[in-house]
Structure formats: structure tokens, C-alpha cells
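Presented below is the structure to which this report refers.
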Amino acid sequence: MENGQNKEGQNQAEQNQEAWILQGEETLYKTYNRFPVVFERGEGLYLYDTDGKEYLDFFAGIAVNALGYGDKEYTEYIQEQAGKLLHISNYFYNMPSIKAGEKLLKASQMDKVFFTNSGTEAIEGALKIARRYGFNKGISAEKSKIIAMKNSFHGRSLGALSVTGNDHYQEPFKPLIPGICFAEFNNLDSVKALMDENTCAVIMETVQGEGGIYPASEAFITGIRALCDQYDALLILDEIQCGMGRTGKMFAWQHYPVKPDVMTVAKALGNGVPVGAFLARGKAASAMVPGDHGSTYGGNPFVGAAAEKVLDIFASRKLVEHAEEMGSYLWEKLEEIKVKYPVVKAHRGMGLLQGLELSISAGEIIRKALLKERLVLINAGANILRFVPPLVIEKKDIDEMARRLSKVMEEVVNG
Ligand SMILES: *Cc1c(COP(=O)(O)O)cnc(C)c1O
């Protein structure tokens, strides 16, 4: 390809959506079954495809785009940083990531932060803290057992996959890292049965996301905290999806009377600029030492500026409180849908992280919503509709979503 021309000699900008899809299928490694839509731009809660059609977005790039699309204050800030300095490596300090780090620590009451390029890398770092913590106890590889949860999701790299309790994801890539065992989420006895002196950590999502929007019960999470204290193991909470204000608190664990030793964030942290982090406190914050972990890009000035601005905007626009308020309104609207359509079996979630469990596959509804009603939804597991809109959503957007979703439900239920 030269001068913006593809092999047919067309101007790429003028190629229609179908042609882009064909070209994408030829080019991109096929690990996704993508929807036949090419988005080109967005504004607020709305997305536009290359044919200029408008879509209402309740997907937010998988709970990433907290500020919606085209936020002026955010965009101008990262543009300015891009012009100053993008990258410098971790051999040096840089101001944006120090400022972003300070704000994250303040919001989480953690002691130290390490910036990563993705969620799965944040999990890798958290697991390395756990293993290092066990190693530091002087009993060498003995204190290396990690307890994870069934039905969980922590990412696709081999370490994160090793603690992801999903056979379908794990099976083709075995052998995975050793020393991991799985308990049942919200079943404290199942954790108790696995816990021992050789356990260095328990890892769990505060609210299981991909697994179907299951919040931890208070008894479960406080019980695990007590077990971790009793056996000198670290509690790692994965806040990659449920963190950053989505549940109506800055971090979902702040709904409970517990504090993790290590926590992970990503998704909404950069509002689309790829940045994640692991944070640690107390004994976990000093478990790793210089030379133990690193990243070429991690926390560069550009992503630091993105995270810094996101955290500033969260504070100045009171987005966490807003998410709580909009979450209650979304709850009411989804309850109405649940009452009206018996295919909805259950409704779960917190704040702007909610799910409707269906007695049928979610796939057909999502496809119809996208292609006919121009409503962008995502599933969580095979039969759960997930609602993770940008946090800047307003009541009118929720009303519009409910209107479009009802039309799809009518069609699916009445054939
Ligand atoms: C998305 C997600 C991850 C993985 O994040 P990536 O940025 O895709 O690597 C890990 N944990 C949870 C809970 C997630 O939702």
C-alpha cells in the first residue's frame, strides 16, 4: 500500500464498510469473531461507523471509555503531552506518571504503584509480588500456592490465564504456571479448604465481570481477608473492570469493610490510552526490589498524562457519585425490562456494571440490537447481557437504551 491507496487503487478513506471488513479479515490474525461494523469516530455516548450511521454505546470499548467519546478537556491534555514527550523509559523519572501515581495512591490508600500497558500485565505484576512475598519468607519455593476463583477472568497472558478459572480459555494452552488452585466464588468454605501455610496469595475480582457480573458477598470477602491475615497470605483484588468509579465507589472493594494488599486497575484508567497499574501496600509494597520487574513502555509520560487527566476529571466532575446515581436509574429501567420479558431470569450488579441473565443466548439479542436498533451491548458469558456504559451517561441515554432494547426483546420474544 502506498500513498493511502489499497491494492485496488481506491482511496482508503472512501472505501465502504463492507470493503473494510473484507480487508480486515484478510489482514488481522483471526482470534476474534468481530461484528460487521467499522467505527470511525465518536461523540459523547454515540459512535459513528464508516457509513456515517449513529449508534448508542453501552459497551464503552469493554468498560474502558469512562468519559465517552471526544471529551475536549481530556483530548487537549493528551495532545499537548504528545507534543512534549511520549516516551523516555523507566531509567528516568517523568512528571505525568508521578502525578498520576500520587492521585491513584490517594484514591486507593495504597502505598506504591507500578504502571503497566494493560490489565493482564497488571495481573502478572500482582502475581509476581505474591510469589516474591512467599519467597521472602525464607522457605523458598514452598510458600508459592495461589488460590484463585472459578468463573473468574484475569487476562490472556500465560500467568493471568493460569489464574483464570475458565477451562475453555485454559485448555489449549496447558501446561500453565504451577501452584494455582481454584475455589468457588462466594463460597468461603471452598477457600478455607484450600488455604494453608504455603499459600502466598488469594486473587479474585471484587465483582466478577466476564464471568457474569457477580459481586462478592460481604461475608465472602471479609472471610477471605481474615484467612489471608491468619495464614500470612496476600489478598489481591482485581479491579480492572469494576474499579475506577464504575460501581459507584472509586474502587469496588470500598463498598466492603476490607482493604486488599495488592490491587490491579486498567480499563477506564486511561480512557482508551492503554495503561494499567498494580498497587500495593504495607508488606506487599516492598516485596519486590530493583531488578525484579520492569517494562519498557510502562508509565511513560503519555499514558501518565492520560491517567492523570482521567483522575482529575473524575474529581472535578464528581463522576463516581454520578455513576452511583445513574446506576440506580439504570437499575430501575432494567427491572422494568425484567418484569416485562420472562426470558430475563436475573438482574445483578452494582452502579454502572449490571447484567441481565437470560434463559436464551445473549448473542442474538446483541446482534439485533447492534445491527437493527444501533444499540451497542456486550455479553458476559453465553447468556448474560452486560451494561457498562461510559460513566458520563445521563438519564435520557438510559431511557433511549431501554426503548431500543425493548424493541429488540419484542422481536426476539414474539419471533
Ligand atoms: C479486562 C480484564 C482483564 C484483562 O485486561 P486486558 O487489558 O484485556 O489485558 C483482567 N481482569 C479483569 C477483571 C478484566 O475485566
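Ligands are counted one by one from 1 in listed order, and the atoms in each one are counted from 1 as well. Note: hydrogens, waters and symmetry copies are ignored here, and every other heavy atom, side chains too, is used.
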> Taking atom CZ of F387 and atom CD1 of I398, what is their separation to the nearest 0.5 Å?
Replying inline: 11.0 Å
>> For atom 3 (C) of ligand 1, tell me which residue out of L269, I203, I240 has the closest non-hydrogen atom.
In response: I240
> So which of K267, H154, E210 gets nearest to atom 14 (C) of ligand 1, if we judge by its closest heavy atom?
Replying inline: K267
> So, for atom 8 (O) of ligand 1, does the protein have a heavy atom nearer than 4.0 Å?
Replying inline: no
> Aromatic rings W331 and H347: how do their planes relate, parallel, tilted or perpendicular, breaks at 30° and 60°?
Replying inline: parallel
Ion pair present between [X] and [Y], side-chain N to carboxylate O less than 4.0 angstrom?
X	Y	result
D229	R225	yes
E400	R404	yes
D71	R317	yes

>> Return the closest protein heavy atom for atom 11 (N) of ligand 1 as residue, atom name and distance.
In response: D238 OD2, 2.7 Å
>> Counting non-hydrogen protein atoms only, what is the nearest one to atom 6 (P) of ligand 1? Give residue, atom name and distance.
In response: G119 N, 3.5 Å
> For ligand 1, is there an N or O atom under 3.5 Å from any N or O atom of T120?
Replying inline: yes
>> Distance under 4.0 Å to a non-hydrogen atom of Q241: what atoms of ligand 1 satisfy this?
In response: 15 (O)
> Side chain, backbone, both or neither: which part of E205 has a heavy atom under 4.0 Å from ligand 1?
Replying inline: side chain
> Any donor-acceptor pair under 3.5 Å linking the side chain of S152 with the backbone of G165?
Replying inline: yes
